[in-house]
Amino acid sequence: MPMQLYLIIGLLFSPLAAAAAFLISYSEYSRHYVHKRPAIMMSLRTALMAFVFFMALALIAGYVIQHYGL
């Protein structure tokens with residue numbers, strides 16, 4: 001399979017992972033902060049890290065599958 005397929009898979013599922021990470025972390029952070037801004041900012045950071053992680057995971061998995069035939 002071409003590497004573009006893994007990029008598309010990453011672009012489909014990484015935003016879902018980021019949205020889930022944002023919702024879960026915001027739900028938890030909002031319990032500990034009176035103001036919403038710190039909770040939102042930390043949740044956005046968590047969502048960004050989830051997006052980057054799952055995008056990298058999709059691309060690395062694609063590379064490994066394509067080159068090593070696992």
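Panel note: side chain Ser14, backbone Met55; a donor-acceptor pair is recorded below 3.5 Å.
Criterion: ILVMFWY side-chain heavy atoms under 4.5 Å apart, direct or through other members. Under it, Leu16 and Leu5 are part of a common hydrophobic cluster. One hydrophobic cluster holds both Leu7 and Phe51 under the rule that ILVMFWY side chains link at heavy-atom gaps under 4.5 Å. When the side chains of ILVMFWY residues are joined at heavy-atom separations under 4.5 Å, either directly or via intervening members, Val34 and Tyr29 end up in two distinct hydrophobic clusters.
Annotation: the span from Ile65 atom CD1 to Met3 atom CE amounts to 9.5 Å, rounded to 0.5 Å. Summarising the geometry, atom OG belonging to Ser25 is positioned 8.0 Å from atom CG belonging to Leu23; distances are rounded to the nearest 0.5 Å. In this structure, CE in Met42 is found 3.0 Å from OH in Tyr33, a value given to the nearest 0.5 Å.
By the 4.5 Å heavy-atom criterion applied to side chains, Phe22 and Leu44 are counted as neighbours.
Smallest separation of non-hydrogen atoms from Ser43 and Ala39: OG-O, 2.7 Å. Closest of all the heavy-atom pairs between Gly10 and Pro15 is O-CD, 3.9 Å. In plain terms, the two heavy atoms of Ala50 and Ala21 that are nearest each other are CB-CB, 3.8 Å.
Other residues, nucleotides and ligands contribute over 12 non-hydrogen atoms within 6.0 Å of the NE2 atom of His32.
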